[in-house]
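Below is one structure, written out as structure tokens; comments come after it.
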Amino acid sequence: MTIVVAMDGPSGSGKSSTSKSIARKAGWLYLDTGALYRAATWLAIRDAIVEPQHLVAALEKNPIVFKTDPDNAITLCGGIDVSQEIRSAEITSAVSRISAWPELRAHLLTLQRKIIDSAKNGIVVEGRDIGTVVAPNAQLKIWLQADINARAIRRDLENQERNIGTLGKSQMAESLSQRDALDSNRTNSPLKKAEDAIIVDSTDLTLDETVEYIWNILKQRALIGLPKVVIVGRPNVGKSTLVNRIIGSREAIIEDVPGVTRDRVSYEAEWNGKAFFVVDTGGWEPTSEGIALKISEAAESAIVDADLVLFVVDAQVGQQSDDEAMISVLRKSKKPVMLIANKVDSEKDELEAHSLWNLGLGEPYFISAAHGRGSGDLLDEIVSRLPEVGQSRVDDGFRRVAIVGRPNVGKSSLLNSFAGSVRALVDDAEGTTRDPIDELIDIGDTTWRFIDTAGIRRRAHQASGSDYYATLRTERAIENAEVVIMIIDASVPITEQDLRIISMVEDSGKALVIGMNKWDLVDEDRRVALDKESDRNFDQVEWAARVNISAKTGWHKDKLLPAIQRALDSWEKRVPTAKLNSFLGQLIGSNPPPIRGGKQPKILFATQAGIAPPTFVIFATEFLEASYRRFIERRLREEFGFSGSPIRVSVRIRER
């Protein structure tokens with residue numbers, strides 16, 4: 001998803017300088033929409049064009065091109081560089097009048113949006129109607145303003161720097177005031193602040209202070225990508241132990257056997273105020289085959305996205321022939337690399353580990369990831385080498401979708417199908433995925449956070465080793481999700497473990513969609529049997545939508561997203577109290593609660609106590625039978641929907 005920053009405000013408030021600085025700092029593109037209108041005005045004056053339709057026709061023959069490099073923003077018209085000419089007094093005095101032509105605005109609006117759509121990572125767009133017209137869906141809208149005196153001084157200095165001449169402070173202030181009035185009174189697209197724009201007054205701020213203020217807003221809203229540190233090395237050299245040391249908690253699965261980590265798994269880390277992602281990868285082997293080959297390919301793929309690579313070597317074992325092949329891969333990647341000599345527990349170990357200089361990767365950094373020796377110095381060095389901005393986005397409110405199920409039912413295939421690329425390893429062997437894989441995926445205009453989880457074989461207390469930790473992490477992924485896709489292999493009978501996982505999701509109170517996968521392998525006989533199994537086993541979650549899919553081929557994956565969205569809408573649905581009690585009054589009028597212990601319970605009123613999931617509290621004079629509460633729940637669903645979401649109904653006893 002491209003990050004768009006819309007920078008609006010009156011002339012002289014510092015939009016251009018601020019926008020360029022932010023774009024430069026973030027490594028994004030920059031667009032000055034005012035330059036496009038000035039270029040059109042230049043063409044109109046040059047060719048003595050007085051009719052809007054004639055100007056649009058002329059622009060089609062002499063197209064405007066804007067070079068979006070913030071360090072070299074050039075405006076071309078018909079192949080002519082007009083960057084200097086469009087800042088002349090003649091253009092400035094005419095641009096407001098000509099830019100008000102609706103035909104011209106429509107023509108340039110198309111061009112502006114085309115430029116914005118071409119940005120892959122981010123773009124800062126500045127002008128007078130960016131947040132309201134050009135980019136109304138921008139993730140950040142800034143209204144940059146300053147008092148008229150400050151603006152006059154800045155604009156006069158800009159003119160002097162461009163050798164345009166000076167009007168003086170008072171004349172420039174008068175000129176700006178007249179232009180403000182003209183722009184604000186335009187009938188189409190007047191100078192106007194977007195309702196959701198943040199006001200930044202730069203009157204008493206330097207350029208650096210203004211940029212820093214807006215930069216902090218970008219960081220607070222998690223719109224700035226974080227750098228990525230990728231950890232690679234042979235199996236069992238301590239990569240996951242180092243990951244846990246860097247992030248300060250035991251997130252990555254560790255077991256004293258090679259090959260526990262298989263997928264590339266990303267974690268957020270922070271050191272000395274610097275945030276970044278650290279990526280754990282599976283052990284790399286040059287002559288691998290089968291799943292080991294896929295693990296090595298995943299590690300190589302992770303290097304491509306890295307801002308810094310940590311090549312971990314077991315100092316106790318020393319240099320191995322396999323390391324040369326890995327070093328060749330690293331050199332071809334042209335990524336910055338740090339050589340990490342792990343398992344250096346003493347000064348004696350450190351002396352012996354100096355032989356790793358022979359690898360040709362520069363100075364080895366000696367650490368003991370297990371005991372923490374040298375980890376602080378290593379982290380200092382890591383953050384000093386990282387760029388300020390990376391391309392990895394953090395969680396900024398994207399909807400969280402966990403994909404769960406038994407091993408080998410197609411969870412990772414579904415994630416890859418949504419992503420359109422290999423994000424998770426897929427293999428016929430059970431248990432390929434062990435760590436939860438967290439990926440931001442853009443589908444249409446929406447970004448989703450998908451979490452592919454390890455297949456759950458058994459309950460956590462019955463599992464052991466890596467299965468135990470994988471199960472715990474899956475349970476936590478469910479707790480952190482908003483909606484869960486439960487993947488079931490439709491080609492084989494529904495198992496007790498399938499139902500156990502569904503119960504786990506139901507108990508968590510999360511929205512639920514059931515994906516009946518491998519539908520391409522289901523014949524007519526199996527469909528008949530599956531219908532019977534579903535009727536028999538899914539009564540506890542009959543409210544959950546079921547979607548038949550083939551994750552491997554992508555068949556019907558487009559039907560999953562609408563089901564997910566409906567489930568989320570239901571999960572967050574709120575019923576007005578008056579409407580709820582009106583419904584309840586009619587319900588108990590025709591179906592009063594059963595007598596309990598010789599007493600007739602009276603329902604006084606009800607309220608919705610919460611959402612996510614919807615929770616209802618009924619106040620009554622006596623306890624209500626469980627069967628009657630289930631009856632109320634069924635009728636609530638019939639009346640208000642709640643497809644894909646559990647709902648909770650509780651009773652509180654209250655005297656009349």
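For this chain, numbers begin at 1 and follow the sequence in order. Note that the structure is a prediction, hence the values are computed from the model and not measured.
Salt bridge absent: Lys411 and Asp452 never bring a charged side-chain N and a carboxylate O closer than 4.0 Å. Under 4.0 Å is where a charged nitrogen must lie from a carboxylate oxygen, and between Glu347 and Arg373 no such pair does. Salt-bridge annotation for Arg546 and Glu533: absent, with no side-chain N of the basic residue lying under 4.0 Å from a carboxylate O of the acidic one. Between Asp71 and Arg24, at least one side-chain N (NZ, or NE/NH1/NH2) sits under 4.0 Å from a carboxylate O, which counts as a salt bridge. A salt bridge links Arg234 with Asp323: the closest approach of a Lys/Arg side-chain nitrogen to an acidic carboxylate oxygen falls below 4.0 angstrom. Ion pairing between Glu270 and Lys274 fails under the 4.0 Å rule for side-chain N and carboxylate O. Here Lys219 does not pair with Glu212 in a salt bridge; the nearest charged N to carboxylate O distance is not below 4.0 Å.
Side chain of Lys557 to main chain of Ser417: a donor-acceptor pair is present (N/O by atom type, distance under 3.5 Å, no hydrogens or angles). Within the 3.5 Å criterion, the main-chain N or O of Ile231 finds a donor-acceptor partner in the side chain of Thr281. A donor-acceptor pair is defined here as one N or O able to donate and one able to accept, closer than 3.5 Å; such a pair exists between the side chain of Thr615 and the backbone of Pro613. Within the 3.5 Å criterion, the main-chain N or O of Arg566 finds a donor-acceptor partner in the side chain of Ser570. Under a 3.5 Å cut-off, the side chain of Asn342 and the backbone N or O of Asp314 do not form any donor-acceptor pair.
Here Phe418 and Phe450 bring their ring centres to under 6.0 angstrom of each other.
Atom CD of Glu479 and atom CG of Asp507 lie 9.5 Å apart (nearest 0.5 Å). Within the model, atoms CG of Leu356 and CZ of Phe311 stand 9.0 Å from one another, a figure rounded to the nearest 0.5 Å. Within the model, atoms CG of Asn548 and CD1 of Ile514 stand 11.0 Å from one another, a figure rounded to the nearest 0.5 Å. Here the CD-CH2 distance, from Glu506 to Trp543, works out to 6.0 Å after rounding to the nearest 0.5 Å.
Annotation: cation-pi geometry not satisfied between Lys510 and Trp571 (NZ/CZ under 6.0 angstrom from ring centroid, within 45° of ring axis).
Counting heavy atoms from C-beta on, the side chains of Ile340 and Leu378 come closer than 4.5 Å. Residues Val309 and Val232 meet the side-chain proximity criterion, which asks for heavy atoms closer than 4.5 Å. Side-chain contact between Glu482 and Val401 is absent, with no heavy-atom pair separated by less than 4.5 Å. Inter-residue side-chain proximity for Val383 and Phe276 is flagged as met; some heavy-atom pair is nearer than 4.5 Å. You'll find the side chain of Tyr365 stays beyond 4.5 Å of the side chain of Ile382, heavy atoms only. By the 4.5 Å heavy-atom criterion applied to side chains, Trp448 and Asp442 are not counted as neighbours. No side-chain heavy atom of Val5 sits less than 4.5 Å from a side-chain heavy atom of Gln139. Counting heavy atoms from C-beta on, the side chains of Gln540 and Ser503 come closer than 4.5 Å.
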- Message: Walk me through whether Ser413 and Asn416 qualify under side chain to side chain donor-acceptor pair (under 3.5 Å).
- Response: CA-CA 5 Å; Ser413 295; Asn416 291 337; 5.7 Å; no
- Message: For a salt bridge (Lys or Arg N to Asp or Glu O under 4.0 Å) check, start with the C-alpha distance between Lys239 and Asp280, then their side-chain angles and the critical distance, and finish with the verdict.
- Response: CA-CA 7 Å; Lys239 298 185 296 298; Asp280 191 12; 5.9 Å; no
- Step-by-step side chain to side chain donor-acceptor pair (under 3.5 Å) determination, Asn272 to Asp380: CA-CA 8 Å; Asn272 286 343; Asp380 287 341; 3.1 Å; yes
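In terms of heavy-atom proximity, Lys343 sits nearest to Asn236 at NZ-O, 3.2 Å. Taking every heavy atom of both residues into account, Ile198 and Arg221 meet most closely at CD1-NH2, 3.3 Å. Here the closest heavy-atom approach between residue Gly238 and residue Ala369 is recorded as O-CB, 4.5 Å. Heavy-atom minimum distance, Arg331 versus Leu359: NH2-O, 3.6 Å. Shortest non-hydrogen contact noted between Gly362 and Leu339 is O-CD2, 4.3 Å. Of all heavy-atom pairs between Val483 and Ala567, the closest is CG2-CB, 4.3 Å.
More than 12 heavy atoms of other residues, nucleotides or ligands sit less than 6.0 Å from atom CZ of Phe538. Other residues, nucleotides and ligands place no more than 12 heavy atoms under 6.0 Å from the NZ atom of Lys559.
When only modelled atom types and interatomic distance are considered, Glu352 and Gln316 share no side-chain donor-acceptor pair under 3.5 Å. When only modelled atom types and interatomic distance are considered, Ser355 and Asn358 share no side-chain donor-acceptor pair under 3.5 Å.
For the side chain to side chain contact (heavy atoms under 4.5 Å, CB included) test with Lys335, the passing option among Ile303, Asp305, Val230 is Ile303; the others fail.
Take Phe366 and apply the ring pair (Phe, Tyr, Trp, His ring centres under 6.0 Å) test, not counting sequence neighbours, and it matches His354.
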